[in-house]
Amino acid sequence: MITRSEDYIEYCRELARNVRDVQDLALRGKNKRDVTQRIHEAIVREVGLSADDDLVDVGCGDGTLLRMAQSSGTASAVGFLATEEEVAVVRRLGFNVHQGFTDCLPIADESASVVVCNSVLLIVPLDRMAASLGEICRIAKPQARIYLGEIPVAPGPAPEPEFNSARETLSYLYRRYGLRTWFGMLRRMAYWKLTAQPMVIRSGASISFYAQPQEFIAMAKLAGLELVRYWPHEFPAGRYNYLFRKNASTVSDARIPESA
Ligand SMILES: C[S@@+](CC[C@H](N)C(=O)[O-])C[C@H]1O[C@@H](n2cnc3c(N)ncnc32)[C@H](O)[C@@H]1O
């Protein structure tokens, strides 16, 4: 029996438990290290990361940005991941990482001069978006640069069909994606069987949140973020990257007096 996880977080957890190559935690698929590297080089340029900065990377994946910050001598670099299982893997690389969700980040107000949250908000359900943007704003220093990347404008492709047996699943994957994907899943299934683990595969679409640029900019503005610029993400298409600044006058909720 194959269990399908509707929950992307559970998928991240399961992936981290079985990960062989840490770069898989960036969730771009196999052998995409150079893509992840290029994306983060562009982010470093876009936010103008310097030695004076305190960086927070929300949903830091395989730690690529933290590594870049470390090697360029950034004052501090902290990463958050959705699950303790991912934290355990990335921490072994020597990075300062913790479990934390976009809408509940265990870090003090105004900790970061740069906040990056790339290819993460698309996984967050709409009903947690305002809280997530508020939280990102809360941890940012006044005038901090805030990079929110890979926000889709539309839902992803239709979910994959569901199959109850390994054989049906494998046959579908072979027909739809070819030998490489078929073999990859076969290996995972063999591993699950050998280690007596349940078979859990992600259920179809990974996009929970999407918005047209004007809609997203308005949501961010409500949270206290002022748009600097936005532009289309190169690949995959249909996504935008946004650079904001925290309004100098924004007061984080945590510091608003009860009587206000
Ligand atoms: C697609 S990966 C992106 C990784 C990295 N930012 C990059 O661009 O390569 C998604 C990351 O978001 C994290 N994540 C997923 N849901 C999250 C949530 N609700 N709050 C914080 N992080 C989350 C996962 O732990 C994972 O590291």
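- Looking at heavy atoms from C-beta onward, Val78 lies out of side-chain contact with Asp57 at the 4.5 angstrom threshold.
- Pairs of residues two or more places apart, or lying in two chains, that qualify as salt bridge (charged side-chain N to carboxylate O under 4.0 Å, His left out) and include a residue from residues 115-136 are Asp103-Arg128, Glu135-Arg138.
- Residues Gly100 and Pro106 approach most closely at CA-CD, 3.8 Å, considering heavy atoms.
- Taking 4.5 Å as the limit, every side-chain heavy atom of Ile151 sits out of range of all side-chain heavy atoms of Tyr210.
- Panel note: side chain Gln99, backbone Ala82; a donor-acceptor pair is recorded below 3.5 Å.
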Requested in this report: Just do the side-chain contact (heavy atoms from CB on, under 4.5 Å) check on Ile39 and Ile43 with the steps written out, would you?
Outcome: CA-CA 6 Å; Ile39 286 174; Ile43 293 174; 4.0 Å; yes

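- Screening residues 79-94 for salt bridge (charged side-chain N to carboxylate O under 4.0 Å, His left out) gives Arg13-Glu85, Arg17-Glu85 as the qualifying pairs, with residues at least two apart or on separate chains.
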Query raised in the report: Does the side-chain contact (heavy atoms from CB on, under 4.5 Å) test come out yes or no for Leu225 and Asn247, once each step is laid out?
Result: CA-CA 6 Å; Leu225 306 180; Asn247 286 331; over 6 Å; no

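- In this structure, CD1 in Ile123 is found 9.0 Å from OG1 in Thr102, a value given to the nearest 0.5 Å.
- At a threshold of 4.5 Å between side-chain heavy atoms, the hydrophobic network of Ile, Leu, Val, Met, Phe, Trp and Tyr places Leu81 and Leu93 in one connected group.
- By the 4.5 Å heavy-atom criterion applied to side chains, Phe244 and Val228 are not counted as neighbours.
- With values rounded to the nearest 0.5 angstrom, Asn18 atom CG is found 11.5 Å from Arg187 atom CZ.
- Under the 4.5 Å side-chain criterion, counting only non-hydrogen atoms from C-beta, Phe101 is not in contact with Val124.
- Looking only at side-chain heavy atoms (C-beta outward), Leu55 and Leu65 come within less than 4.5 Å of each other.
- What you find for Leu122 and Pro152 is that their closest heavy atoms are CB-CD, 3.5 Å.
- Taking both residues in full, the closest heavy atoms of Ala69 and Ala77 are given as CB-CB, 3.9 Å, listed atom of the first, atom of the second, then distance.
- Atom OH of Tyr191 is surrounded by more than 12 heavy atoms from other residues, nucleotides or ligands within 6.0 Å.
- Between Asp54 and Lys141, at least one side-chain N (NZ, or NE/NH1/NH2) sits under 4.0 Å from a carboxylate O, which counts as a salt bridge.
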Query - Steps toward side-chain hydrogen bond (donor to acceptor under 3.5 Å, both in side chains) verdict (Thr74, Asp53) - result: CA-CA 6 Å; Thr74 301; Asp53 280 316; over 6 Å; no

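- By the 4.0 Å N-to-carboxylate-O rule, Arg239 lies close enough to Glu150 to be salt-bridged with it.
- In this structure, OH in Tyr240 is found 10.0 Å from CD1 in Ile217, a value given to the nearest 0.5 Å.
- Look at Lys32 and Asp24 and you find no salt bridge, because none of the NZ, NE, NH1 or NH2 atoms lies under 4.0 Å from a carboxylate O.
- Using a 4.5 Å cut-off on side-chain heavy atoms (C-beta onward), Phe95 and Asp62 make no contact.
- If you look at Phe216 and Tyr242, their ring centroids are closer than 6.0 Å.
- Looking at Met129 and Met219, their side chains come closer than 4.5 Å, going by heavy atoms from C-beta outward.
- Among all heavy-atom pairs drawn from Val153 and Gln212, the shortest one is O-NE2, 3.5 Å.
- Note: Ile146 CD1 to Leu227 CG = 11.5 Å, rounded to the nearest 0.5 Å.
- Considering every non-hydrogen atom in both Gly61 and Val90, the closest pair reads O-CG2, 3.4 Å.
- Shown here is Glu41, whose CD atom has more than 12 heavy atoms of other residues, nucleotides or ligands within 6.0 Å.
- Under the 4.5 Å side-chain contact rule for hydrophobic residues, Ile136 and Leu222 do not share a cluster.
- The structure places OG1 of Thr181 at 13.5 Å from CZ of Arg175, a figure rounded to the nearest 0.5 Å.
- Taking 4.5 Å as the limit, every side-chain heavy atom of Val120 sits out of range of all side-chain heavy atoms of Asn118.
- With no hydrogens or angles considered, no side-chain donor-acceptor pair links Glu168 and Ser171 at under 3.5 Å.
- A cation-pi arrangement is present between Arg229 and Trp231 under the rule of less than 6.0 angstrom and at most 45 degrees off the ring axis.
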Query raised in the report: Given the rule in the side-chain contact (heavy atoms from CB on, under 4.5 Å) test, do Tyr230 and Gln214 qualify, once you have shown the distances and angles that lead to the verdict?
Result: CA-CA 10 Å; Tyr230 74 99; Gln214 293 316 323; 3.4 Å; yes

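- Residue pairs meeting the salt bridge (charged side-chain N to carboxylate O under 4.0 Å, His left out) criterion with at least one partner in residues 63-72, sequence neighbours excluded, do not occur; the list is empty.
- For the pair Gly134 and Ala223, the tightest heavy-atom approach, listed with the atom from each and the gap, is N-CB, 3.9 Å.
- Linking ILVMFWY side-chain heavy atoms closer than 4.5 Å, directly or via other members, places Leu179 and Met189 in a single hydrophobic cluster.
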**Report entry** Step-by-step side-chain contact (heavy atoms from CB on, under 4.5 Å) determination, Phe80 to Val56
**Finding:** CA-CA 8 Å; Phe80 290 102; Val56 173; 3.7 Å; yes

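- Leu133 contributes atom CG, which lies 6.0 Å from atom CG of Leu121 (distance to the nearest 0.5 angstrom).
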